[in-house]
Amino acid sequence: MSHPSSPHPLGRTRFETAVTIRPDDIDLNQHVHNSRYFDYVLAARYDQMERCYKMPMEAFIEAGFGWVVKTAHLNFKRPLGLGETARVTTWVDELIPKGVQVRFEIHKASNGKLSCDGYFDYTMIRLDTGRAETVPGWIIEKYAI
């Protein structure tokens with residue numbers, strides 16, 4: 001579903017960021033701790049906001065906006081291990097009046113197998129009030145690619 005006031009169709013363009021698994025990512029079971037997958041997606045989104053959407057998080061802050069996670073859903077398929085490189089692919093799958101749904105996939109770079117997928121529902125807020133805010137048209141244009 002696209003944002004009702006969006007003049008542009010939602011492109012769902014996928015962007016990719018590489019992440020190297022570090023020793024502090026590993027849990028007692030000798031694979032990446034489940035909480036780190038959240039970190040990988042958030043790191044990829046910050047990278048892609050600046051590099052791919054041409055709108056870094058600092059631009060949102062300067063405009064008085066922020067994003068908060070409303071829902072985070074992860075499906076674990078297979079573990080990642082120390083020293084591996086993961087490819088984190090994300091895309092805006094849905095625009096709603098006060099937020100976006102970002103879907104993601106994390107693949108092992110060595111063999112392309114899916115390690116984890118899922119989605120995050122983000123709500124846009126005004127930083128001065130902390131309240132949900134309708135996503136402005138100029139931001140929708142950036143994210144509808």
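This one's a predicted model, so the numbers in the text were calculated from it and none came from an experiment.
- Of all heavy-atom pairs spanning Thr85 and Ala18, the tightest one is CG2-CB, 4.1 Å.
- A salt bridge links Asp24 to Arg36: at least one charged side-chain nitrogen sits closer than 4.0 Å to a carboxylate oxygen.
- Nearest heavy atom pair, residue Arg87 against residue Gly112, reads NH1-CA, 4.0 Å.
- Remark: Thr123 OG1 to Arg131 CZ distance equals 13.5 Å, nearest 0.5 Å.
- To the nearest 0.5 Å, the span separating CZ on Phe120 from NE2 on His73 amounts to 11.0 Å.
- Here the CD atom belonging to Glu84 is positioned 7.5 Å from the CG atom belonging to Asn111, to the nearest 0.5 angstrom.
- Scanning all heavy atoms of the two residues, the minimum distance from Ile139 to Met124 falls at CD1-CE, 3.5 Å.
- Annotation: the span from Ile140 atom CD1 to Leu95 atom CG amounts to 6.0 Å, rounded to 0.5 Å.
- Val92 and Phe38 fall within a single hydrophobic cluster, where Ile, Leu, Val, Met, Phe, Trp and Tyr are joined by side-chain heavy atoms under 4.5 Å apart, directly or via other members.
- The backbone N or O of Asn29 sits less than 3.5 Å from a side-chain atom of Asp27, completing a donor-acceptor pair.
- Residues Met49 and Tyr122 fall within the same hydrophobic cluster, defined by Ile, Leu, Val, Met, Phe, Trp and Tyr side chains chained together at heavy-atom separations under 4.5 Å.
- The aromatic rings of Trp67 and Tyr143 sit tilted, their planes meeting at an angle between 30° and 60°.
- Hydrophobic clustering (ILVMFWY, side-chain heavy atoms < 4.5 Å, transitive): Val69 and Ile106 are in one cluster.
- Contact record, Ser115 with Pro79: OG-C, 4.1 Å, taken as the closest heavy-atom pair.
- By the 30° and 60° cut-offs, the orientation of the rings of Phe65 relative to Trp138 is tilted.
- Applying the 6.0 Å contact sphere to CZ of Arg14 captures more than 12 heavy atoms from other residues, nucleotides or ligands.
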*Can Asn34 and Phe76 be said to form a side-chain contact (heavy atoms from CB on, under 4.5 Å), step by step?*
CA-CA 8 Å; Asn34 60 40; Phe76 295 101; 3.6 Å; yes

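- A donor-acceptor contact closer than 3.5 angstrom links the side chains of Arg45 and Thr90.
- Atom CG of Leu42 and atom CE of Met57 lie 10.5 Å apart (nearest 0.5 Å).
- Of all non-hydrogen atoms in Cys116 and Phe104, the two that sit nearest each other are SG-CE1, 3.9 Å.
- With hydrophobic clusters built from ILVMFWY side chains whose heavy atoms lie under 4.5 angstrom apart, Val102 shares a cluster with Leu10.
- Minimum interatomic distance between Cys52 and Ile145 (heavy atoms only, all atoms of both residues): O-CD1, 4.1 Å.
- Side chains of Tyr40 and Thr17 form no contact here, defined as non-hydrogen atoms less than 4.5 Å apart.
- Leu74 and Leu114 are members of different hydrophobic clusters when ILVMFWY side chains are connected at heavy-atom separations under 4.5 Å.
- Two rings, from Tyr53 and Phe15, have their centers less than 6.0 Å apart.
- Interatomic distance, Leu80 CG to His107 NE2, rounded to the nearest 0.5 Å: 11.0 Å.
- A cation-pi arrangement is absent between Arg12 and Trp91, since the terminal nitrogen or guanidinium carbon is not both under 6.0 Å from the aromatic centre and inside a 45° cone about the axis.
- Side-chain atoms of Ile96 and Gln101, non-hydrogen and from C-beta on, never get closer than 4.5 Å to each other.
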*With side-chain contact (heavy atoms from CB on, under 4.5 Å) as the test, would you mind laying out the steps for Glu133 and Ile125 before giving the verdict?*
CA-CA 5 Å; Glu133 179 75 18; Ile125 62 164; 5.9 Å; no

*For side-chain contact (heavy atoms from CB on, under 4.5 Å), just list the numbers for Tyr119 and Thr71, CA-CA rounded to whole Å, side-chain angles, deciding distance to a tenth of an Å, and then say yes or no.*
CA-CA 8 Å; Tyr119 63 89; Thr71 304; 4.0 Å; yes

